[in-house]
2 protein chains.
Amino acid sequence: MSDLLERLRERGWRMTSQRRVVAEVLDGDHVHLTADEVHARAAQRLPEISRATVYNALGELVSLGEVKEVSTDGRAKRYDPNAHRPHQHLVCSACGTVRDVHPTGNPLADLPPDQRFGFTISEAEVTYRGLCPSCV
Amino acid sequence: MSDLLERLRERGWRMTSQRRVVAEVLDGDHVHLTADEVHARAAQRLPEISRATVYNALGELVSLGEVKEVSTDGRAKRYDPNAHRPHQHLVCSACGTVRDVHPTGNPLADLPPDQRFGFTISEAEVTYRGLCPSCV
DNA sequence: ATCCTACGATGGACAGAGTCCAAGTCAAGA
DNA sequence: TCTTGACTTGGACTCTGTCCATCGTAGGAT
């Protein structure tokens, strides 16, 4: 079944029903749920799961590198399980929908040394904003 | 004196002591303050200025296009008065410092049509993350 | 210079997102 | 099956931001 569950088990993540449900909710492509959305979906299967547990599990998945946090709008963070293939995000300014996209080129290469100001740069995050087909 | 103040006056922005102080605090280069930081600095000069007023003024400056909102970390938004020259941001993952940078190339051009999924894209925001010289 | 009034400021209540903690529960190894 | 350290719970708390009724004032009118 789920690759994510497999990997977590292999890495010795203590499996509880709560963690399983959170991981299952996040599994898949083009998933960009907020913590509250994850909680709501998890609660459909496990009604008494608490918000704190969801936050804990999400935080651990992020630490493990299995999920990426995405702040698209300065409001709730979204959690993106597609952490293993580098990609960027396309965000609808109206409805907030998020899509994974794969631009050509490497944005890191576009930052010349004299623009790095002594920073040790580790990543470049690109967010494309516009209106999605349903919102035009 | 301040270009920003000049422009605001010309555009008929009703000038109050509070608004003046907020605009003065924001004036300058490489300024990326949070609303609370703006409030703290404004309060040094005008002790009774309220948080609501700062938020109102910031919101209006953003609507007027004189200031850009930047969410670098999913926490407090930062306000960037350098709204007239397009630029991107370099953020220290440790201390949160933000620098304006000017990458070469146009990130919008790096998103091929088949990666636009019917969106009408209006901008591309690039955030470079890494460690600043003081945090390495 | 003074008056008017619509627009702006105030602060306190409220809301949304997230963190923390003490106490209870349970996964998984012995 | 037992044990125990790790996990979960829910409520209190923090931080960021918004809302609103009331009060104050900038700046045009006189």
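As the structure is a prediction and not an experimental result, all values here were calculated from the model. Residue numbering restarts at 1 for every chain, and letters A, B, ... go by the order of the sequence lines.
- Atom P of nucleotide C:dA17 and atom CG of A:D36 are separated by 6 Å, given to the nearest angstrom.
- With salt bridges taken as basic N to acidic carboxylate O contacts below 4.0 Å, one links B:E24 and B:R45.
- If you take CH2 of A:W13 and C1' of C:dA28, they are 16 Å apart, rounded to a whole angstrom.
- In this model, no donor atom of one side chain and acceptor atom of the other lie less than 3.5 Å apart for B:H89 and B:E125.
- Counting non-hydrogen atoms under 4.0 angstrom, B:A52 reaches a base of the nucleic acid.
- B:E48 has its CD atom 14 Å from the P atom of D:dG24, to the nearest Å.
- Between B:R78 and B:E69, none of the side-chain N atoms (NZ, or NE/NH1/NH2) sits under 4.0 Å from a carboxylate O, so this pair counts as no salt bridge.
- Atom CD in A:E37 sits roughly 13 Å away from atom C1' in C:dG16 (whole-Å rounding).
- Distance, A:M15 CE to C:dT25 C1': 18 Å, rounded to whole Å.
- For A:T53 and D:dT8, the shortest distance from a side-chain N or O to OP1 or OP2 is not below 4.0 Å.
- Straight-line distance from the CG atom of B:D73 to the P atom of C:dA17: 16 Å, rounded to whole Å.
- Under the 30°/60° scheme for interplanar angles, the aromatic rings of A:H30 and A:H32 are found to be tilted.
- Distance from the side chain of B:K77 is smallest to D:dG17 among C:dA28, D:dG17, C:dA17.
- The residue A:T16 sits close only to the backbone: its heavy atoms come under 4.0 Å of sugar-phosphate atoms, none of a base.
- A:R19 places its CZ atom 19 Å from the P atom of C:dT25, with the value rounded to the nearest Å.
- Note: NE2 (A:H39) to C1' (D:dT9) measures 11 Å, nearest angstrom.
- The base of C:dG18 sits with one of its N or O atoms less than 3.5 Å from a complementary donor or acceptor on the side chain of A:R51.
- Residue B:Q18 is the one, among A:Y55 and B:Q18, whose nearest nucleotide of DNA chain C lies closer to the 5' end (criterion: closest heavy atom).
- Considering only side-chain atoms of A:N56, the nucleotide from D:dT9, D:dT16, D:dC7 that sits closest is D:dT9.
- Side chain B:R14 to base D:dT25: a donor-acceptor pair is found below 3.5 Å.
- Using a 4.5 Å cut-off on side-chain heavy atoms (C-beta onward), A:R129 and A:T127 make contact.
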